[in-house]
Every structure is written in structure tokens, then in C-alpha cells.
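The structure presented is a predicted model; accordingly, all values stated were derived computationally and were not measured.
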Amino acid sequence: MNRCGHWLTSPWRRTAVAALAGALPVLAFPGPALWWWAYVALVPWILLARSAPTGRRAAYDGWGGGFGFMLAMHHWLLPDLHVFTLVLAALLGGLWAPWAWLVRRFLAEAEAPTRGRVLAALLVLPSAWLAVELVRSWQGLGGPWGVLGASQWQVAPALRLASVGGVWLLSFLVVAVNVAAAVLVALPASRAPAVAGLVATAATASAAWAWAPRPDADGDTRVAVVQPGVIDGPDLRFDREEELTRRLVGRDVDLIVWGESSVGYDLAERPDLARRVAGLARATGADILVNVDARRSDRPGIYKSSILVGAGGPTGDRYDKMRLVPFGEYIPARALLGWATSVGRAAGEDRRRGAGQVLMDAGHGVRVGPAVCFETAFPDMSRHLVEDGADLLVGQSSTSSFQRSWAPAQHASLGALRAAETGRPFVHATLTGDSAVYDASGRRLGPWLGPDASTAAVYDVPLADGVTLYVRYGDWAVHGALLVLVALGLTEGVRAVRLRRTVPAPLGPPARTVRAWPARPWR
């Protein structure tokens, strides 16, 4: 055993190394945004897991790495959730234990993996990673924030791949490249299948670039984003939003978008505010999409609602947020986990969920599909809106609690992926930055509005028509990965049965003890 291997015999040191290795991929996401790093970031984690002396130790390496990844990806939650951030990272980190076990199963250092096993690893390990991302993407576990493929939001060929198989296909291919790189480093005798995997990945990207359908131009629209900046109190915020919106008079805009929680009162109970917004719509000649975070007058509970207001007042088009942020907007199993409110800024009262997605007619023939806050992280929501006929996707967000962290940029980057997946432009409007607009291919339009901006910005947004392969076929990459894992399970089951049949039968009945129980010589 070399010196490094001897140093790693300590479980605590090895777990610390695993956590550090698991945290490395986060550098590929905003703020660092080192997109190229994603293609080698998993190599240290893979090499560690394959060197594990047992499958159980490899599973612990997966758990430790998962903890490091989740903590690094969500470190900006620490000021709000404090120690509970560590608890969540530890719980969710366990999802990577089976993945690391499979790394050792196919690439174990002590077993000299064959070329066939390496080829299988290039298919199984990305599939297992995708299964982990699928499970943790359930909104009750925090949603698909930090999906590995999302690190490629600014890479044009990757966005073309997203139009084919969504962010899931990107994750699969990024992990496959990492597995191939690990094989090239650690298994020189198996370089041929590793190179074949890299060639196959490059061929897939090239085919998508050449043959995947591209959005067809279908006119344009002029959209304004109003970002008031960090302002304490709903009344002062509304005043600032009103002031910024008045600057848009004469700018010939078609739609004005305010951020999440831009209105702190139910408009039915505050008709004076509804009249002020309607006056702005008349003055600018554009409908205004606001977001109300308040207790409703027509039903019990607090809702976050996107409401379209025209020159005559609220148009009746209303979308109530469906997927709420765990702990931020509700506490799962509050009777058990309600103590989170005592250690951080968790939700004191659960928000209520909406019943379904909504399309809004914003005038000028443009149908808007709204989403609120971290709903923009869910690929299926934007896909369903486009299936229903959305021409423009709009995300209203507020990351004011996480200023000067990586969270605003991470959130804004998701719009590029949703645009590329669906072939529809995406507007990401926030209260405090970062706000961003993307065309139907995921290309950024104009400048981001950062956390220091308090302004109203106008964007000329090209509209698009046509159907991407992702919208047409959905999450086929995830379904394919699950089929690979099912096939692996069946193969392993058949193999276990065959091994059991080859074990020679005992020559006689087991010996009996004085208590008439069979002897257990292995004890």
C-alpha cells in the first residue's frame, strides 16, 4: 500500500477527503461558472470510491461526497437555516451511496476491470447519477437545484443537446466524460473503451448541433423588467416599482414584469393598489405582470400569485404557485421538523399551493406562461406550459435573502436551460437581481441586472415557433437511464442465481446442538 493509501485508511480522513471531492463540481456553476471544470470535477471522487477496500466503504465515500456536494451547492442557506443546512446535506448526501458502490463494483482498483466492465461503467454510472438527480429533484427534497448538466448553461452545443433531451441528457454525458477521464488516469490498459466513450459523446453533441430542430422565428415582443433593488417594507418597494415603471412611458413596451413578492397585499383588499397598477398599464400601454405574496381575501391562507393587470385592472388571469420551497415557504412534516424555525429563518406559516399551471394572454397575441421562484428549476413545468401553447416563459423571483452569494446567479442561469429545452424565450425578473432574459435557443439577450441595480430595463425579445425534441418526447433520457438500471438489476439477479446453483450441496444434514439447533460454525 502506498503512502497515500495508508493515509486514507483512517475512516475520518477518508470521509473528509470524500466531502472535499464531492464539493469540487460546484465550481462549474455560477458564481465561479467554470463550465469546463464539470467534465473532470468528478474524477477525484470516482478514484476515491474505486480504491475503497469494501463495497460498504465505497458507499460511505459516496455519502461523504454527496454531503460535500449538497453543502457546497447550498452553502448560501447557512445564514437562514444554520445547522439545519448541515442536517439536510447529510440526509440528501446519502443518495450518492449506491452510486459510489457501483463505481467500485465496475472499476474496483483491486480487481483489474476488463474492457467489457469499463464499457458497462460508461453506461451504468451516468445512469445511476441520473437516478440520484431524479430522486432529489422531488420538490419535497429541495427540487432540481444544482443538477450537474445545469453547469453548461452558457455553452451553445450543450444548449442544443438540452433541446433534445433536457438538462438530464447533459448530466448523463457530463458524468460519462468524467468516468472516461477517470479510466484514462487510472486504467491505462482500458484506454480504448474510454476513448470510445469520449468519441461517442462528441458524436452525440455534433449530431444534435447539426440535426436537432431549431426554433423558427415568429415575430418579436418588447418586454420590460422592473427590478427595484433591496428595499425594506412592501410599501416602499411598491413606490419604487411604480416610479421605475413610469419611466417606461413612451418606450413602446408590450409587457412589463415585476419580480416575486412585488406586491405585499391582496389586490382585492387593497383596490387603491390595483388602481395604481392599472394606471401604470394605461400610461405605458402594456399589461403588467405582478406577484402578490399575501393572505387572500377569498380563501384561507397565504398564496404567492402571479396576476396580470391591464388598463382596466386585474384581468382575472391568476397563477398560484404550486411548488413551494421546503423550509422557506413551508416546513415538511411540521410536527416533526418545526424546530427548524427556532434555529433559522424557516417559514413560520406554510404557504398554500396552487391547483394547476395557467397561461395568460398578455395582449399583442403573446401567451405568457408564468412560474414563481424555484419553479424555474423544474424542466417539466416549462415543458408543460409550452405544450399548452406558451409563447413566452416568465419566471418571477426574489433572492433578496441571499444577496452577495452565488444563489442569484445560479438562479438566473436556469432560464437559459428552460429556454433551450422548450424553444421559447425566457424572462427571469427578480426584486434584487440577478434578472436576465434569454432567446429561444438559450442565448442571453442584453445585460444581466445585478444585485446593485435598481432600474427598469427593456428587451427586444424574438419569439419562436416549432417544437423541440425535449418538448415532444419529454424525459426520455431519465427513462433510458432507469431502464439501464433495471437491466443491471435483472442481470445481477440472474448471476446470483447461477452462482447459488454452482455451490456444492452439503454431504449430510447439519449437525445438531444439545438444544436441537443446527450448528453454526461461522460464529
Is the Trp145-Trp76 ring centre distance short of 6.0 angstrom?
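Under 6.0 Å, so yes.
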To the nearest 0.5 Å, what is the distance between [atom1] ([X]) and [atom2] ([Y])?
{"X": "Leu431", "Y": "Ser397", "atom1": "CG", "atom2": "OG", "result": "8.0 Å"}
{"X": "Leu134", "Y": "Ser171", "atom1": "CG", "atom2": "OG", "result": "11.0 Å"}
{"X": "Ile256", "Y": "Glu241", "atom1": "CD1", "atom2": "CD", "result": "11.5 Å"}
{"X": "Trp36", "Y": "Leu34", "atom1": "CH2", "atom2": "CG", "result": "5.5 Å"}
{"X": "Tyr438", "Y": "Arg418", "atom1": "OH", "atom2": "CZ", "result": "11.0 Å"}

Donor-acceptor pair, [X] side chain versus [Y] backbone, under 3.5 Å?
{"X": "His384", "Y": "Met381", "result": "no"}
{"X": "Thr432", "Y": "Val230", "result": "no"}
{"X": "Thr430", "Y": "Ser398", "result": "no"}

Any carboxylate oxygen within less than 4.0 angstrom of a Lys/Arg side-chain nitrogen, looking at [X] and [Y]?
{"X": "Arg237", "Y": "Asp232", "result": "no"}
{"X": "Arg222", "Y": "Asp460", "result": "yes"}
{"X": "Arg296", "Y": "Asp266", "result": "no"}
{"X": "Arg383", "Y": "Glu421", "result": "no"}

Mind jotting down which residue pairs meet the ring pair (Phe, Tyr, Trp, His ring centres under 6.0 Å) criterion with at least one end in residues 444-479? Sequence neighbours excluded, please.
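Qualifying pairs, neighbours excluded: Trp153-Trp448.
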Does any pair with a residue in residues 231-260 pass ring pair (Phe, Tyr, Trp, His ring centres under 6.0 Å), and if so which ones, sequence neighbours excluded?
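Qualifying pairs: Phe238-Trp258.
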Not counting sequence neighbours, list each pair that qualifies as a salt bridge (charged side-chain N to carboxylate O under 4.0 Å, His left out) and has a residue in residues 422-442.
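Only Asp439-Arg443 qualify under salt bridge (charged side-chain N to carboxylate O under 4.0 Å, His left out).
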Identify the two heavy atoms, one from Phe378 and one from Ser137, that lie closest to each other, and give their separation to 0.1 Å.
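Closest pair (atom of Phe378, atom of Ser137, distance): CE2-O, 3.4 Å.
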Do Thr221 and Asp254 pair up side chain to side chain, a donor and an acceptor below 3.5 Å, judged on atom types alone?
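Indeed, the side chains of Thr221 and Asp254 share at least one donor-acceptor pair under 3.5 Å.
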With no hydrogens and no angle check, just 3.5 Å: does a side-chain donor-acceptor pair link Trp168 and Glu133?
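Short answer, no.
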Quick check: do His428 and Gln396 have side-chain heavy atoms less than 4.5 Å from each other?
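No. Closest side-chain heavy atoms not under 4.5 Å.
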Measure the shortest side-chain to side-chain distance between Arg318 and Ser306 over non-hydrogen atoms and say whether it is less than 4.5 angstrom.
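They are not in side-chain contact.
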Which residue pairs pass the side-chain hydrogen bond (donor to acceptor under 3.5 Å, both in side chains) test when at least one of the two sits in [range], sequence neighbours left out?
{"range": "residues 199-214", "value": "none"}
{"range": "residues 368-378", "value": "Tyr319-Glu375, Thr376-His411"}
{"range": "residues 154-163", "value": "none"}

Parallel, tilted or perpendicular, as decided by the 30° and 60° cut-offs, for the rings of Trp45 and Trp96:
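Trp96 and Trp45: tilted rings.
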List for me each residue that meets side chain to side chain contact (heavy atoms under 4.5 Å, CB included) alongside [X], sequence neighbours excluded, and say none if there are none.
{"X": "Ala453", "value": "Gln227, Leu449, Thr455"}
{"X": "Ala205", "value": "Leu161"}
{"X": "Ala456", "value": "Val226, Leu244, Leu248"}
{"X": "Ser151", "value": "Ala28, Phe29, Ala38"}

Residues that Arg404 engages under salt bridge (charged side-chain N to carboxylate O under 4.0 Å, His left out), provided they are two or more places apart
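So Arg404 forms a salt bridge (charged side-chain N to carboxylate O under 4.0 Å, His left out) with Asp452.
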Got a sec, which residues hit salt bridge (charged side-chain N to carboxylate O under 4.0 Å, His left out) with Asp235, two or more places apart in sequence or on another chain?
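Scan of Asp235 (salt bridge (charged side-chain N to carboxylate O under 4.0 Å, His left out), adjacent residues dropped) gives none.
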Taking atom CG of Asp298 as the centre, does the number of heavy atoms from other residues, nucleotides or ligands within less than 6.0 Å exceed 12?
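For Asp298, atom CG is crowded (more than 12 foreign heavy atoms under 6.0 Å).
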